[in-house]
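Here's the structure, in structure tokens; my notes come after.
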Amino acid sequence: AFLVNARVGYDFGTFSIAAFADNLLDDRVVLRRRAVNVPATTGVLVEIANPSFTVNEPRLFGVELRVSF
């Protein structure tokens, strides 16, 4: 899976405008996987059955307008 982002814009000097798309292909990617280990009473590390996962955001389109003073 690939994460594809795109951005196109124009700078007019005092302001700029841009259109963007994040996760253009709407792929789901596991960014971080973490298993939790807990010491048992025997001193042996036991892996808990519910590890945590961090997954990327879904596809997002937007327009950005910036004004500089």
Side-chain angles (χ1 to χ4, degrees):
F2 292 97
L3 289 178
V4 178
N5 299 328
R7 181 180 181 89
V8 62
Y10 190 79
D11 187 350
F12 294 97
T14 57
F15 72 94
S16 63
I17 189 166
F20 65 89
D22 292 339
N23 192 8
L24 194 57
L25 303 176
D26 203 25
D27 282 340
R28 294 292 182 268
V29 177
V30 175
L31 302 174
R32 184 179 61 173
R33 182 177 304 153
R34 185 182 63 166
V36 180
N37 293 315
V38 177
T41 55
T42 60
V44 176
L45 290 178
V46 177
E47 188 172 311
I48 294 179
N50 297 322
S52 67
F53 296 92
T54 303
V55 180
N56 64 305
E57 297 289 329
R59 180 175 20 219
L60 173 70
F61 294 103
V63 176
E64 177 184 85
L65 176 66
R66 289 186 179 206
V67 179
S68 15
F69 297 99

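All of these numbers come straight from a predicted model, not from anything done at the bench. The first residue in the sequence is number 1, and the count goes up from there.
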Check the pair L60, N23 against side chain to side chain contact (heavy atoms under 4.5 Å, CB included), reporting the backbone distance first and the verdict last. CA-CA 7 Å; L60 173 70; N23 192 8; over 6 Å; no
Taking all heavy atoms of V63 and all of F20, pick out the closest pair and write down the distance. N-CE2, 3.8 Å
Any chain of hydrophobic side-chain contacts (each under 4.5 Å) joining V67 to F12? yes
Could you walk me through whether R28 and D26 pass the side chain to side chain contact (heavy atoms under 4.5 Å, CB included) test, one step at a time? CA-CA 7 Å; R28 294 292 182 268; D26 203 25; 3.1 Å; yes
Applying a strict under-4.5 Å side-chain criterion to I, L, V, M, F, W and Y, I'd like to know whether I17 and F61 cluster together. no
Heavy-atom pair of closest approach, residues R59 and L25: NH1-C, 4.3 Å
Hey, is the main chain of S68 close enough, under 3.5 Å, to the side chain of T14 for a donor-acceptor pair? no
Side chain to side chain contact (heavy atoms under 4.5 Å, CB included) with D22: which of L3, N56, N5? N5
Looking only at heavy atoms, what is the nearest atom pair of F15 and L65, with distance? CD1-CD1, 3.9 Å
When you look at OH of Y10, are more than 12 heavy atoms from neighbouring residues, nucleotides or ligands closer to it than 6.0 Å? no
